[in-house]
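A note on names: the letters A, B, ... follow the listed sequences, proteins ahead of strands, and every chain is numbered from 1. This is a predicted model, so every value here is computed, not measured.
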Amino acid sequence: MPGDSTAGAFAKRFFGRHFGMGSSVMVRVRYAPSPTGSPHVGNIRTALFNFLFARSEGGRFIVRIEDTDQTRKVEGALEDILASLRWLGIEWDEGPEIGGEFGPYFQSQRLKIYQHHADELLKKGAAYRCFCTPQELEEMREYQRINKIPQMYDRRCRGKTADEIGKELASGKPFVVRLAMPLQGKIAFEDAVRGRVEYEASLIDDQVLLKSDGWPTYHLANVVDDHLQQISHVIRGDEWINSTPKHVVLYQAFGWEPPIFAHAPIIKGADGAKLSKRHGDTRCLDYREKGYLAEAVANFIALIGWSPGDNREIMRIQELEAAFSLQGIQPSPGVFDLQKLQWMNGEYIRALSKEQLYEVVAAFDANTKDEQYLESASRAVFSQALKKGDKDYVMRALALEQERVKLLTEFPEACEFFFVDHVRFDDQGVAKWKGQPHIEALMNFYLEHLADKTEMSAEDCEQMVNAAVERLGLLKRALAIHPTRVALTGRSFGPGLFELMALLGAARMKTRFEIAKNVLNA
RNA sequence: GCUCCGGUCGUCUAGCGGUCAGGACAUCGCCCUUUCACGGCGAAGGUCGCGGGUUCGAAUCCCGUCCGGAGUACCA
């Protein structure tokens with residue numbers, strides 16, 4: 001039989017590739033989202049796995065839009081799908097906007113192909129027409145529920161004679177085409193992640209292949225397309241594993257060799273259930289809006305359900321490509337740990353050069369739609385500084401806060417004091433120094449010292465503070481340093497004091513010391 | 001209910017018959033330091049879901065069991 005997919009055939013194809021035994025089937029993988037919403041991170045992780053696998057094997061990565069359910073189509077979903085991929089640096093070799101030799105890449109444009117193949121199955125007897133109405137099916141399921149018997153189509157239309165079918169057809173009754181599953185025996189396939197998976201054929205539903213409106217279901221369309229587009233490996237989420245035997249039977253019915261299947265574990269929320277809206281941010285693009293770097297998100301999701309096999313964790317896309325393998329995919333589900341993502345995002349922020357940081361922050365500020373960010377108290381001045389301020393000044397301000405920030409959204413507040421002379425004084429910081437006997441003298445000393453200054457280096461600033469300590473006879477430098485910080489920034493934490501002073505410059509310092517003199521006085 | 005998949009520190013994971021079960025995030029402590037952070041060092045945290053086998057030896061192999069998840073549509 002041409003469609004016979006034996007373990008031997010599998011081994012030859014699968015291991016041949018990996019152990020250099022001369023196989024040379026081009027690796028072609030696909031990401032096949034349906035435009036029913038903005039893709040969530042689990043979904044995009046699957047795209048990433050496919051992309052990384054293609055790159056690691058020198059193969060091709062295809063994007064195919066599975067829009068066979070007109071009723072579920074969502075406006076803007078396609079744009080979000082492509083934007084998510086592009087954001088993370090997942091480039092496709094064939095698909096929307098770029099085409100390719102196996103197009104069209106929208107299933108809605110391939111209807112004839114599916115109908116033709118459904119007919120072929122009908123002729124072969126591998127599929128049959130079902131005239132059951134939705135109501136009939138609902139009653140059947142209700143009966144099954146009540147009697148606690150497995151819920152599946154009872155195949156009542158499968159035994160219809162040619163005569164009966166002819167009559168139904170003549171009467172114009174709508175019908176669907178169902179797959180005629182084998183009534184006995186086992187359906188097995190070799191999963192690249194889980195090994196052999198086996199099902200009792202009789203327990204699997206006679207899946208609808210063609211709906212009554214003539215459109216295919218996922219099951220038919222994906223098998224037909226995967227074959228026609230010469231997909232070599234189907235890497236998809238574990239939620240698909242239970243429909244895989246149906247697909248295997250379809251490949252057999254058509255006489256086609258099935259691709260290699262690899263089912264990646266699902267991503268769970270903290271409660272252990274599959275990640276969904278209830279868990280908060282799940283859209284891939286949510287993370288872009290909330291100040292995460294694409295590199296961090298890609299790196300992080302790659303590590304849920306996959307591991308390079310060693311202890312590496314911070315891995316950029318090229319490194320991921322080089323390290324990726326199907327063997328590294330884990331069978332067990334993983335929890336999406338936001339804390340770890342944040343840590344990783346901080347790592348990537350710190351790895352940016354001053355210039356890169358500036359560009360990234362400016363682009364983020366200009367593009368994000370995150371309301372919390374846009375409406376935050378310190379964002380307006382920050383945004384203004386980014387657009388109209390002294391670029392070098394802003395860049396250096398960002399650099400001074402770089403190691404303290406985990407999300408791009410944190411910059412406005414962290415840098416606020418660089419851009420406003422009337423800093424917001426932190427109550428605790430003020431309380432600690434307010435009314436202390438040496439404060440007024442300290443401020444006066446600075447004012448006096450600063451009178452004829454313009455340019456000051458960090459060393460100059462340090463010398464000024466040291467001079468103050470000496471003049472006022474303070475026991476510890478800290479007695480000057482801390483209140484100076486509060487006077488200049490309004491708070492008791494932040495970048496190194498002398499660096500921050502140097503960046504602020506003499507003029508700004510003068511203004512602030514004047515203000516602080518009053519604020520810190522009893 | 002039925003089918004399938006899964007089960008190593010709280011979380012992500014390494015492990016693939018012999019390791020003191022390793023790393024990372026988070027937590028705590030110490031160091032560095034003008035603060036916060038970064039960084040460094042260290043601690044705590046796992047009887048490898050549980051019970052049986054196989055074996056000189058099991059997280060690793062087998063069986064059972066429990067728990068969790070996914071699927072069970074004319075959705076993908």
Checklist entry - Distance between the P atoms of B:rC50 and B:rC66, in whole angstroms? => result 15 Å

Do any N or O atoms of the protein come closer than 3.5 Å to N or O atoms of nucleotides 46-49 of chain B, and which pairs are they?
none

Next on the checklist: Distance check, P atoms only: B:rA58 and B:rU19, in whole angstrom units.
Outcome noted: 11 Å

Item to check | For A:R424, side chain to side chain donor-acceptor pair (under 3.5 Å) partners two or more places apart | outcome: A:E416

Next on the checklist: Taking the P atom in each of B:rG46 and B:rC9, what is the distance between them to the nearest angstrom?
Outcome noted: 10 Å

Checklist entry - Do the side-chain N and O atoms of A:Q207 and A:Y153 include a donor-acceptor pair separated by under 3.5 angstrom? => result no

Checklist entry - Do the side-chain N or O atoms of A:Q144 get closer than 4.0 angstrom to the phosphate oxygens (OP1, OP2) of B:rG1? => result no

Checklist entry - Between B:rG71 and B:rA26, how far is it from one P atom to the other, in whole Å? => result 32 Å

Next on the checklist: Measuring from the side chain of A:R350 (C-beta onward, heavy atoms only), which nucleotide among B:rG23, B:rA37, B:rC38 has the closest atom?
Outcome noted: B:rC38

Checklist entry - With A:D206, which of A:K246, A:R158, A:R178, A:R156 fulfils salt bridge (charged side-chain N to carboxylate O under 4.0 Å, His left out)? => result A:R158

Checklist entry - Has A:R471 got its NZ or CZ under 6.0 Å from the middle of the six-membered ring of A:F445, at an angle within 45 degrees of the ring axis? => result no

Next on the checklist: Say we look at B:rA21 and B:rC48: how far apart would their P atoms be, to the nearest angstrom?
Outcome noted: 11 Å

Checklist entry - Which letters describe nucleotides 69-76 of chain B, given B = protein heavy atom under 4.0 Å from base, S = only from sugar-phosphate, - = neither? => result SBSSSBBB

